[in-house]
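Worksheet: one structure, shown below.
By convention in this document, chain letters (A, B, ...) are assigned in the order of the sequence lines, proteins followed by strands, and residues within each chain are numbered from 1.
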Number of protein chains: 2
Amino acid sequence: MRTSQGVEWALHTCLNLSWLDAPVPTGILAAFYELPPAYLNKQLQALVRAGILTSTSGPRGGFQLTRDPGEISLLDIVAAIEGPEELFRCDRILSKGPGEHAGVDYRQSCVFAQAMRGADLAWRRELAGKTVADVQADVEHRHPESPANTRARIAELR
Amino acid sequence: MRTSQGVEWALHTCLNLSWLDAPVPTGILAAFYELPPAYLNKQLQALVRAGILTSTSGPRGGFQLTRDPGEISLLDIVAAIEGPEELFRCDRILSKGPGEHAGVDYRQSCVFAQAMRGADLAWRRELAGKTVADVQADVEHRHPESPANTRARIAELR
DNA sequence: GGGTGAATACTCGGATATGGCCTGTCCGAGTTGACGCGG
DNA sequence: CCGCGTCAACTCGGACAGGCCATATCCGAGTATTCACCC
């Protein structure tokens, strides 16, 4: 059980977009990391549906962040790509067991489901506590040249 | 990204086995929750490889816990089924980016990978903190008849 | 020279193939228990 | 009655198909720019 590649792509792409102020087309963003352009486009569509990115068609179009990087958590991005389901898949097999009554929601009452949901929430809490702005700050602290490098490379690829 | 069905099956099966002291064959364990026997067998094999269960061949054979339920964490079971990989898949796409040097392990230095690993650890910490014995106690507290019910149903299926 | 119109190039968006892993099944190897026979 | 050997049934274990989701790609719809033409 691992996240899809799209998550890593989306994270890094959002960080790059946080250093830019004009729309950037898929082709450029894909070339930045040598990714398949059409498939990256598909992932970015999911970010648009989630309200994280805005898309503009036509020449000089592309993708850009809809809001401040400080308002975009890593959980927002992960959930946009992976979907809203929780990590643990509960098919309520307890309902097939003995001594159990109908009309009970085993997703709520099953102790395992509860424990797994607790772990799921811990995971989400960590992801929700870190924003793109936080990452931005970390990276700029370690590698102050990163924003300029990114802008330069984007301009070079245009 | 969700856990496979095998995780839920393994969790409940381990709990059932914690209330029994003799080996139970796959067929019985599967009938308990109306699961496909051969496929459940496949999952239990993974638990054997992980050292959680012991298997005995021949008549009167089957599966049983290798150690005390208090020494089996939910993480042990999940990891046995899902494998040891962490949730976030990092393909080090940074190494394809500009201004980056070879010889750097981007699984370590990438800020996103670090943040995702932190969330992963939070998830694992929750799962490692809960043992089968804990679940056992919770269930017995809420439904004191559960152990007897389980033993009766197992005997009935034999 | 300025404005307008069409043509054009560019970009996103969804519809469409392919591959790998999860799901599901089957049969053979090994072991245990039972049974019958002989002492 | 007791011991031993054979037989048979039972169980695990790994090898073998099918289905679904992640991966990957392509082409059409829409739009802003550009350029040429006309006033």
Side-chain angles (χ1 to χ4, degrees), chain A residues 1-10 13 17 22-31 33-64 66 78 80-85 87-89 91 93 154 157-158, chain B residues 1-10 13 17 22-31 33-64 66 78 80-85 87-89 91 93 154 157-158:
Chain A
M1 179 195 42
R2 287 182 335 187
T3 59
S4 63
Q5 297 182 12
V7 173
E8 186 182 12
W9 302 359
T13 299
L17 287 175
V24 185
T26 307
I28 308 294
L29 293 170
Y33 291 123
E34 301 178 12
L35 304 175
Y39 190 32
L40 176 63
N41 187 7
K42 191 180 181 66
Q43 312 289 355
L44 297 184
Q45 286 176 30
L47 295 181
V48 170
R49 278 190 294 271
I52 297 171
L53 295 186
T54 310
S55 62
T56 344
S57 279
R60 310 283 297 175
F63 295 93
Q64 55 188 335
T66 53
V78 171
I81 302 291
E82 292 290 333
E85 294 131 348
L87 295 178
F88 176 61
R89 171 202 233 153
D91 290 341
I93 67 172
I154 291 287
L157 290 170
R158 273 199 185 277
Chain B
M1 180 194 41
R2 285 182 339 189
T3 60
S4 63
Q5 295 182 12
V7 173
E8 186 182 13
W9 301 0
T13 298
L17 287 176
V24 184
T26 308
I28 309 293
L29 294 171
Y33 292 123
E34 300 178 15
L35 305 175
Y39 191 31
L40 176 63
N41 187 4
K42 194 181 181 67
Q43 312 289 354
L44 297 184
Q45 286 177 31
L47 294 181
V48 170
R49 278 191 293 272
I52 297 171
L53 296 185
T54 309
S55 64
T56 343
S57 280
R60 310 281 297 172
F63 295 92
Q64 55 187 336
T66 53
V78 172
I81 302 293
E82 292 290 333
E85 294 131 346
L87 295 178
F88 176 61
R89 173 202 233 153
D91 289 342
I93 67 172
I154 291 288
L157 290 170
R158 273 197 184 277

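Counting to the nearest Å, the P atom of dG19(C) and the CD atom of Gln5(A) are 16 Å from each other. Put simply, CD on Glu8(B) is 15 Å from C1' on dC22(C), counting in whole angstrom units. Whole-Å rounding puts the Gln64(A) CD to dT11(C) P distance at 14 Å. Atoms CZ (Arg60(A)) and P (dA32(D)) sit 13 Å apart, rounded to a whole Å. Following rounding to the nearest Å, Met1(A) (CE) and dC22(C) (P) show an atom-to-atom distance of 11 Å.
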Any chance you could lay out the side-chain contact (heavy atoms from CB on, under 4.5 Å) test for Met1(A) and Ser4(B), step after step, and finish with the verdict? CA-CA 8 Å; Met1(A) 179 195 42; Ser4(B) 63; over 6 Å; no
Before you tell me yes or no, could you show the steps for Glu8(B) and Arg89(A) under side-chain contact (heavy atoms from CB on, under 4.5 Å), namely the whole-Å CA-CA distance, both residues' side-chain angles and the distance that decides it to 0.1 Å? CA-CA 7 Å; Glu8(B) 186 182 13; Arg89(A) 171 202 233 153; 5.6 Å; no
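The number of heavy-atom neighbours closer than 6.0 Å to CZ of Arg60(B), taken from other residues, nucleotides and ligands shown, is 12 or below.
Note that CZ of Phe63(A) and CG of Asn41(A) are 5.0 Å apart. Values are rounded to the nearest 0.5 Å. Rounded to the nearest 0.5 Å, atoms CD (Glu85(A)) and OG1 (Thr3(B)) are 11.0 Å apart. The distance from the OG1 atom of Thr13(B) to the CD1 atom of Ile93(A) is 6.0 Å, given to the nearest 0.5 Å.
When the options Leu44(A), Leu47(A), Leu29(A) are evaluated for a side chain to side chain contact (heavy atoms under 4.5 Å, CB included) with Leu17(A), the one that passes is Leu29(A).
Nearest to the side-chain atoms of Pro59(A) among the listed nucleotides dT23(C), dG13(D), dT31(D) stands dT31(D). For Pro25(A), the listed nucleotide lying nearest its side chain is dT11(C); candidates were dC10(C), dA24(D), dT11(C).
Dashed line: the shortest gap from a side-chain N or O of Arg2(B) to OP1 or OP2 of dC21(C) is not under 4.0 Å. Between dT25(D) and Tyr39(A), no contact under 4.0 Å exists linking OP1 or OP2 to a side-chain N or O. The side chain of Arg158(B) places no N or O atom within less than 4.0 Å of a non-bridging phosphate oxygen (OP1 or OP2) of dT11(D).
Residues of residues 40-57 of chain B that place a heavy atom closer than 4.0 Å to DNA chain C, in numerical order, are Lys42(B).
Of the two residues near DNA chain D, Gly62(B) and Ser4(A), the one whose nearest nucleotide lies more 5' is Gly62(B).
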